K.L.:
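Pasting a structure here, questions to come.
As the structure is a computational prediction, the values presented were derived from the model and not from experiment.
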Amino acid sequence: MAGSVQILGTGQLIELSRRLRMAGGPRLRQNTARRIRRAAEPLQKDLQRAIRTQPLVSEGRKAGGRGGPSPTSRPFRAMLAGGVRISVRSGATPGARVWMDKTRLEPDAGNVPFQINDGRLRHPVFGNRKRWASQWARPSGWWSRTVQDGIPRMRAEVERVLGDVRRDLQ
């Protein structure tokens, strides 16, 4: 799974960035960055919805009196959805990036989104590192499938924004 989705470095974006710097319009740069961010927001929302609704199937509980409170302070899927972020750059390599910010996850959940995307989540049972459980994400690929479906829309919107700005500069 790719750690982020980026639409940047295209010739149009680089040329536009140069012209924006020459025009010296900070308002125009801010407006362009805001519109590019808005183009990426539907993909971010789709990724958050995908992880919130991703079914995780386990083999079930074994016999015995096991259980206890969750070792994390936030609900699991909400924590993962909160890690999906957007960044917009307007410098030498302008563009938008949708990525998973591991710093917004619980400390022990660093690779969990990648494991779920691969289809299998292996974790200690309630923090007990002597006892492990496996859960399966069916269908797998919550990140890769959603990104594949969302990139054409995001790219078309960014091209539309670039066309509008290009017309403003001429």
K.L.:
Hey, does Asn111 have a side-chain heavy atom less than 4.5 Å from the side chain of Lys102?
P.N.:
yes
K.L.:
Show your working on side-chain contact (heavy atoms from CB on, under 4.5 Å) between Val98 and Leu47 and close with a plain yes or no.
P.N.:
CA-CA 9 Å; Val98 180; Leu47 285 166; 3.6 Å; yes
K.L.:
Taking atom CG of Leu80 and atom CZ of Arg52, what is their separation to the nearest 0.5 Å?
P.N.:
10.0 Å
K.L.:
Looking at every non-hydrogen atom in both residues, tell me the closest pair between Asn128 and Pro124 and how far apart they are.
P.N.:
O-CB, 3.4 Å
K.L.:
Grab the two heavy atoms, one from Gly150 and one from Leu43, that are nearest each other, plus how far apart they are.
P.N.:
CA-CD1, 3.9 Å
K.L.:
Nearest 0.5 Å, what's the CD-CE distance between Glu41 and Met154?
P.N.:
10.5 Å
K.L.:
Dump the intermediate steps for side-chain contact (heavy atoms from CB on, under 4.5 Å) on Gln115 and Asp118, then the final yes or no.
P.N.:
CA-CA 5 Å; Gln115 290 180 20; Asp118 292 340; 5.7 Å; no
K.L.:
Could you give the distance from CZ (Arg104) to CE (Met79), rounded to the nearest 0.5 Å?
P.N.:
13.0 Å
K.L.:
Arg77: which residues meet the side-chain hydrogen bond (donor to acceptor under 3.5 Å, both in side chains) condition with it, sequence neighbours left out?
P.N.:
none
K.L.:
Run the side-chain contact (heavy atoms from CB on, under 4.5 Å) test on Val57 and Gln135 for me, step by step, so that the C-alpha distance in whole Å, both residues' side-chain angles and the decisive distance to 0.1 Å come before the verdict.
P.N.:
CA-CA 5 Å; Val57 180; Gln135 290 181 286; over 6 Å; no
K.L.:
Considering non-hydrogen atoms only, spot the tightest contact between Asp101 and Arg85 and give its length.
P.N.:
OD2-NH1, 2.7 Å
K.L.:
From Asp108 CG over to Arg129 CZ, what is the distance, rounded to the nearest 0.5 angstrom?
P.N.:
6.0 Å
K.L.:
If you compare all heavy atoms of Gly83 against all heavy atoms of Leu105, which two are closest, and at what distance to 0.1 Å?
P.N.:
CA-CD2, 4.3 Å
K.L.:
How far does CG of Asn117 sit from OG of Ser140, to the nearest 0.5 angstrom?
P.N.:
7.0 Å
K.L.:
Report the distance from atom NE2 of His123 to atom CG of Leu56, rounding to the nearest 0.5 Å.
P.N.:
8.0 Å
K.L.:
Which pair of non-hydrogen atoms, one from Thr146 and one from Ala50, has the smallest distance, and what is that distance?
P.N.:
OG1-CB, 3.6 Å
K.L.:
Which pair of heavy atoms, one from Ala81 and one from Gln48, lies closest together, and at what distance?
P.N.:
O-NE2, 3.1 Å
K.L.:
Considering only heavy atoms from C-beta outward, does the side chain of Trp143 approach that of Pro113 to under 4.5 Å?
P.N.:
no
K.L.:
With clusters defined by side-chain heavy atoms of hydrophobic residues (ILVMFWY) lying less than 4.5 Å apart, directly or transitively, does Trp142 cluster with Ile151?
P.N.:
yes
K.L.:
Before giving the answer on side-chain contact (heavy atoms from CB on, under 4.5 Å), spell out for Ile36 and Glu157 the whole-Å C-alpha distance, their side-chain angles and the decisive distance to 0.1 Å.
P.N.:
CA-CA 8 Å; Ile36 290 175; Glu157 183 64 22; over 6 Å; no
K.L.:
More than 12 heavy atoms of other residues, nucleotides or ligands under 6.0 Å from CD of Gln148: yes or no?
P.N.:
no
K.L.:
Can Asp164 and Arg160 be counted as an ion pair, charged N to O under 4.0 angstrom?
P.N.:
yes
K.L.:
Quick one: does Arg49's side chain get under 4.5 Å of Asp46's, heavy atoms only?
P.N.:
yes
